[in-house]
Chemist: 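Here it is, the structure in full.
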Amino acid sequence: MVERVVAWFEESARDLPWRAADRSPWGVLVSEVMLQQTPVVRVEPAWRAWMAAWPTPADLAAASTADVLRAWDRLGYPRRALRLQECARAIVARHGGRVPDDEEALLALPGIGAYTAAAVRAFAFGRRSVVLDTNVRRVLARVVAGAALPAPSLTAGEVRDAAALVPADDVAAARWAAASMELGALVCTARSPRCEVCPVASSCAWLARGRPADDHPGRRRTQAWAGTDRQVRGRIMALLRDALHPVPLHAVDAVWPDAAQRTRCLESLEADGLVTRVPPASIDDEPTFTLPA
DNA sequence: GACGCGTGGAG
DNA sequence: TCTCCAAGCGT
């Protein structure tokens with residue numbers, strides 16, 4: 001299983017910039033944060049521009065947050081950009097500007113969770129770690145468990161199964177991590193898996209069972225989008241990203257008709273540190289809003 | 001453990 | 001059109 005997936009990876013791996021021979025641990029970390037819930041095609045150009053602007057943690061640590069949020073552009077979930085800058089500052093403060101390679105130190109960084117810490121160890125440092133993302137979970141659910149999709153949330157059993165598969169050797173383990181993720185991304189996809197070209201089709205429990213449908217009851221349905229705070233927050237952020245000057249309140253008002261919701265979103269953005277409110281100069285004026293300096 | 005958090009492309 | 005989904009994290 002591991003052997004065949006790795007062999008397939010050797011000839012099928014995408015040529016991504018954060019996999020280049022001259023990549024830095026910082027570049028890998030940046031890519032992993034950008035890739036949290038955002039597709040590769042949208043991350044690639046943003047990553048190139050980002051690394052050109054801030055090639056080291058110290059560079060990002062010293063940047064203006066407004067510039068950082070503009071460079072994040074429309075990758076989505078802009079709080080990730082904030083955390084990435086906090087992460088850079090923590091790397092400078094705690095680790096002399098070098099990305100740490102031990103699990104505990106990585107996990108302690110803002111925006112770095114179990115997946116990203118494991119991925120950075122494997123891809124940036126070639127160290128053995130259990131890299132268990134949505135791709136790997138899906139591959140193992142199918143090949144090993146014979147299910148269409150993994151459980152809605154990560155189970156202890158999955159972690160145990162995944163850990164048991166990871167080769168003992170550092171280099172082999174890192175290759176397996178990359179290969180199993182790539183298989184999930186390119187072949188063992190969520191929507192229409194390409195079992196015809198899968199290197200482990202002959203040993204896939206799900207395929208052997210005739211690809212039964214997902215049997216997880218009450219799978220979390222995606223939140224309706226129209227009218228959500230997320231949509232409103234997104235509109236406000238887009239307005240401020242594109243603005244050359246502080247935006248007066250009445251201009252913010254124009255992005256959404258519901259005043260109560262608008263106010264709630266503006267305040268939550270301020271609380272998140274994504275928006276700065278500039279008080280009016282005189283009592284007759286209105287406040288203005290900008291991205292944080 | 002469940003929720004909230006952006007965005008845009010594909011089927 | 002609308003639904004689903006894309007290398008999760010923090011609370």
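Keep in mind that what you see is a predicted model, and the values were worked out from it rather than measured. In the text below, chain A, chain B and the rest are named by the order of the sequence lines, each starting its count at 1.
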Chemist: Under 4.0 Å, heavy atoms only, any strand: does A:Arg241 hit a base, just the sugar-phosphate, or nothing?
Modeler: sugar-phosphate
Chemist: Nearest whole angstrom, please: distance from the C1' of C:dC5 to the CG of A:Asn135.
Modeler: 11 Å
Chemist: Looking across every strand, which nucleic acid part, if any, lies under 4.0 Å from A:Leu75 by heavy atom: base, sugar-phosphate, or nothing?
Modeler: base
Chemist: Would you classify A:Trp72 as touching base, sugar-phosphate or nothing, given that sugar-phosphate means primed atoms plus P, OP1 and OP2, and contacts are heavy atoms under 4.0 Å?
Modeler: nothing
Chemist: Grab the CD-C1' distance between A:Gln85 and C:dC9 for me, whole Å please.
Modeler: 18 Å
Chemist: Return the value, rounded to whole Å, for the distance between atom CZ of A:Arg80 and atom P of B:dG6.
Modeler: 9 Å
Chemist: How is A:Arg14 classified with respect to the nucleic acid when contacts are heavy atoms under 4.0 Å: base, sugar-phosphate, or nothing?
Modeler: base
Chemist: Taking all non-hydrogen atoms of both residues, which atom of A:Val2 and which atom of A:Pro167 are closest, and how far apart?
Modeler: CG1-CG, 4.1 Å
Chemist: How far does OG of A:Ser180 sit from CG of A:Leu132, to the nearest 0.5 angstrom?
Modeler: 9.0 Å
Chemist: Report the distance from atom CG of A:Asn135 to atom CG of A:Leu183, rounding to the nearest 0.5 Å.
Modeler: 9.0 Å
Chemist: Let me spell it out: for each of A:Thr38 and A:Arg79, pick the nucleotide of DNA chain C with the closest heavy atom. Which residue's pick is nearer the 5' end?
Modeler: A:Thr38
Chemist: Does A:Arg230 contact B:dG6 through a side-chain donor or acceptor facing the base, at a distance under 3.5 Å?
Modeler: yes
Chemist: Kindly say if A:Arg42 contacts the phosphate of C:dC5, meaning a side-chain N or O under 4.0 Å from OP1 or OP2.
Modeler: no
Chemist: DNA chain C: A:Leu16 or A:Leu109, which has the more 5' nearest nucleotide?
Modeler: A:Leu16
Chemist: Round to the nearest Å and state the distance from A:Arg19 atom CZ to C:dA7 atom C1'.
Modeler: 10 Å
Chemist: Can you tell me how far CH2 of A:Trp26 sits from CH2 of A:Trp50, rounded to the nearest 0.5 angstrom?
Modeler: 7.5 Å
Chemist: Using a cut-off of less than 4.0 Å, is there contact between a side-chain N or O of A:Gln37 and OP1 or OP2 of C:dA6?
Modeler: no
Chemist: Looking at CD of A:Gln85 and CH2 of A:Trp54, how far apart are the two atoms once the value is rounded to the nearest 0.5 Å?
Modeler: 8.0 Å
Chemist: Using a heavy-atom cut-off of under 4.0 Å over every strand shown, decide if A:Val40 touches base, sugar-phosphate, or nothing.
Modeler: base
Chemist: A:Glu44 has an atom CD; how far is it from atom C1' of C:dA6, in whole Å?
Modeler: 15 Å
Chemist: Using heavy atoms to find the nearest nucleotide of DNA chain B for A:Leu154 and A:Arg233 separately, return the residue whose nucleotide is more 5′.
Modeler: A:Leu154
Chemist: What's the CZ-C1' distance between A:Arg137 and C:dC5, to the nearest Å?
Modeler: 14 Å
Chemist: If you go through the side-chain atoms of A:Arg191, does one of them form a donor-acceptor pair with the base of C:dC4 closer than 3.5 Å?
Modeler: yes
Chemist: Is A:Ala119 touching bases, backbone alone, or none of the nucleic acid, heavy atoms closer than 4.0 Å?
Modeler: nothing
Chemist: With rounding to the closest Å, how many angstrom separate the C1' atoms on C:dA7 and B:dA2?
Modeler: 22 Å
Chemist: Would you kindly check whether a donor in the side chain of A:Thr134 faces an acceptor in the base of C:dG8, or vice versa, at under 3.5 angstrom?
Modeler: no
Chemist: Roughly how many Å is it from CD1 in A:Ile112 to P in C:dT11, rounded to a whole number?
Modeler: 14 Å
Chemist: Taking the same atom, P, in C:dC9 and in B:dG8, what whole-Å distance lies between them?
Modeler: 23 Å
Chemist: Closest nucleotide of DNA chain B for A:Ser192 versus for A:Ser153: which of these residues is on the 5' side?
Modeler: A:Ser153
Chemist: Can you measure A:Asp229 atom CG to B:dG6 atom P for me and round it to whole angstrom units?
Modeler: 10 Å
Chemist: Considering residues, nucleotides and ligands other than A:Arg14, do more than 12 of their heavy atoms fall under 6.0 Å from its CZ?
Modeler: yes
